[in-house]
Student: 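This is the structure I have questions about; it appears just below.
Numbers restart at 1 for each chain; the letters A, B, ... are given by sequence-line order, proteins then strands.
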Number of protein chains: 2
Amino acid sequence: MSISNLAQELLITPRTIRYYEEMGLLTPFHHEKMSQRLYGPRERARLTLVLRGKRLGFTLAEIKEMIDLYDIDRTEGLQLERTVAYGEKKLQELEEKIQELILLKGELMDYHQQFTELLKKDEPPTNDNLDNR
Amino acid sequence: MSISNLAQELLITPRTIRYYEEMGLLTPFHHEKMSQRLYGPRERARLTLVLRGKRLGFTLAEIKEMIDLYDIDRTEGLQLERTVAYGEKKLQELEEKIQELILLKGELMDYHQQFTELLKKDEPPTNDNLDNR
DNA sequence: ACACCAGTTTACGTGAACGTCAACCCCTTT
DNA sequence: AAAGGGGTTGACGTTCACGTAAACTGGTGT
């Protein structure tokens with residue numbers, strides 16, 4: 001798969017993909033004599049992971065750390081213990097983010113509730129209420 | 001409460017607080033003849049909200065939109081209907097983010113599991129296992 | 001052979017979110 | 001009165017995550 005095909009599929013630009021490679025987040029095939037980049041399912045999976053991370057507010061550096069956790073090749077030389085410990089820390093952070101999101105959603109829902117009721121008062125029974133009767 | 005007190009409490013710099021004001025996210029007391037800024041509980045609440053939003057990957061512009069939803073004064077002139085509709089859209093987005101985070105956490109947990117098992121194999125029973133016996 | 005298209009490198013530009021520094025108050029403490 | 005200790009306003013600098021443009025290369029159809 002070519003770079004612009006992949007870009008089109010994931011709604012980003014080739015530049016973005018090359019940038020991620022430059023940052024060490026992707027490692028596509030630099031075919032013999034480095035003419036073109038080729039992307040397999042592995043790279044696409046990584047890329048979607050990067051994009052997910054971005055949507056959730058992680059920096060590329062943070063995402064790289066997580067990706068390296070996923071990557072057996074890269075963690076090869078490292079101490080497994082540390083990797084596992086670091087993974088647990090990351091999982092903890094993710095859990096905290098989930099809780100914060102739930103909190104934020106809760107607050108928004110409260111205000112939403114208030115406004116919805118305000119709307120009921122301001123706009124007393126219209127025809128809409130009688131439509132499906 | 002002064003600006004640097006507030007900054008210290010929330011682990012940010014005064015500059016950041018002033019910047020948020022410049023962006024329309026905060027509106028502290030500009031005391032008579034504008035000598036100094038004073039922050040009450042309302043502004044502190046807003047600020048924590050901003051920081052929460054930032055941690056979750058929202059831009060300041062997006063956060064401002066949400067804050068304006070919260071703010072009765074600011075939504076005064078607007079059509080309540082639109083405000084409510086927009087609020088529902090935002091709630092939807094939050095829910096999607098929560099789901100994505102859960103997804104990401106799930107993936108990380110899978111890999112974590114694999115690595116933990118690898119570690120069990122590589123490091124067969126040590127003294128640690130006998131310690132609390 | 002030539003045009004054309006897609007991909008590549010290089011390099012400078014850009015917007016968001018602040019950091020940093022200078023110069024200037026204002027109040028208080030000595 | 002002089003010296004500090006915040007606070008305030010510019011204004012320029014900086015980092016991250018790309019955008020954009022230029023110049024080049026490599027295969028492909030005609």
Student: Using whole Å, report how far CG of A/Leu38 lies from P of C/dG7.
Tutor: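 Atom CG in A/Leu38 sits about 10 Å away from atom P in C/dG7.
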Student: Just N and O in the side chain of B/Lys54: are any of them under 4.0 Å from OP1 or OP2 of C/dC18?
Tutor: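 Answer yes for this pair, as a side-chain N or O of B/Lys54 is under 4.0 Å from OP1 or OP2.
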Student: Above 12 or not: heavy atoms from other molecules or residues under 6.0 Å from CD of A/Glu65?
Tutor: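 Yes.
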Student: Nearest whole Å is fine: how far is C/dT10 P from A/Arg15 CZ?
Tutor: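 Going from CZ in A/Arg15 over to P in C/dT10 covers 12 Å.
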Student: What's the closest nucleotide to the A/Ser4 side chain, out of C/dG7, D/dA17, C/dA17?
Tutor: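 Of all the options, the side chain of A/Ser4 is nearest to C/dG7.
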Student: Could you tell me the separation between the CE atom of B/Met1 and the C1' atom of D/dG6, rounded to a whole number of Å?
Tutor: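 Result: 15 Å.
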Student: Counting heavy atoms from C-beta on, name the nucleotide in D/dA17, C/dC18, D/dG7 closest to the side chain of A/Leu60.
Tutor: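 Among the listed nucleotides, the one closest to the side chain of A/Leu60 is D/dA17.
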Student: Consider the side chain of B/Ile3, meaning its heavy atoms from C-beta on, and name the nucleotide among D/dT8, D/dG19, D/dC16 that approaches it most closely.
Tutor: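 It is D/dT8.
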Student: Heavy-atom count around A/Tyr111 OH within 6.0 Å, excluding the residue itself: above 12?
Tutor: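 No, OH of A/Tyr111 has 12 or fewer neighbouring heavy atoms, counting only those of other groups under 6.0 Å.
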Student: May I ask you to evaluate whether A/Thr13 reaches the phosphate of D/dG19, defined as a side-chain N or O under 4.0 Å from OP1 or OP2?
Tutor: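 Yes, because at least one side-chain N or O of A/Thr13 sits under 4.0 Å from OP1 or OP2 of D/dG19.
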Student: Quick one: is A/Tyr20 getting a side-chain N or O under 4.0 Å of the D/dA17 phosphate, OP1 or OP2?
Tutor: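 For D/dA17, OP1/OP2 do not have a side-chain N/O of A/Tyr20 under 4.0 Å.
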Student: Output yes when B/Glu107 and A/Arg52 qualify as a salt bridge under the 4.0 Å nitrogen-oxygen rule, no when they do not.
Tutor: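 Yes, B/Glu107 and A/Arg52 are salt-bridged.
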Student: Rounding to a whole Å, what distance do you find between A/Ile63:CD1 and D/dC16:C1'?
Tutor: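 Value for this atom pair: 12 Å.
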Student: Check whether any side-chain nitrogen or oxygen of A/Thr16 sits under 4.0 Å from OP1 or OP2 of D/dA17, and answer yes or no.
Tutor: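 Result: no.
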Student: Roughly how many Å is it from CD in B/Gln36 to P in D/dG6, rounded to a whole number?
Tutor: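 Interatomic distance, CD of B/Gln36 to P of D/dG6: 12 Å.
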Student: For A/Glu62 and D/dA17, give me the distance from atom CD to atom C1', rounded to whole Å.
Tutor: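 So the CD-C1' distance, A/Glu62 to D/dA17, works out to 14 Å.
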Student: Between atom CE in B/Met23 and atom C1' in C/dC18, what is the gap in whole Å?
Tutor: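 That distance rounds to 10 Å.
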Student: Tell me whether the OP1 or OP2 atom of C/dC25 has a side-chain N or O from B/Ser35 closer than 4.0 Å.
Tutor: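 B/Ser35 to C/dC25 OP1/OP2: no side-chain N or O under 4.0 Å.
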Student: In whole angstrom, what separates B/Ile12's CD1 from C/dT20's C1'?
Tutor: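 Result: 17 Å.
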Student: When you match B/Ala61 and A/Arg18 each to their closest nucleotide on DNA chain C, which lands nearer the 5' end?
Tutor: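 Upstream on the strand: A/Arg18.
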Student: Check whether any side-chain heavy atom of B/Ser2 lies under 4.5 Å from a side-chain heavy atom of B/Gln36, and answer yes or no.
Tutor: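 Sidechains of B/Gln36 and B/Ser2: no contact.
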Student: Between A/Lys97 and A/Glu100, does at least one N-O distance fall below 4.0 Å, as a salt bridge requires?
Tutor: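 Salt bridge between A/Lys97 and A/Glu100, a charged N being under 4.0 Å from a carboxylate O: no.
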Student: Of the listed nucleotides (C/dG7, C/dA17, D/dC18), which one gets closest to any side-chain atom of B/Tyr19?
Tutor: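 Nearest listed nucleotide: C/dA17.
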Student: Can you tell which of D/dC18, D/dG7, C/dA17 lies closest to the side chain of B/Thr59?
Tutor: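 For B/Thr59, the side-chain atoms sit closest to C/dA17.
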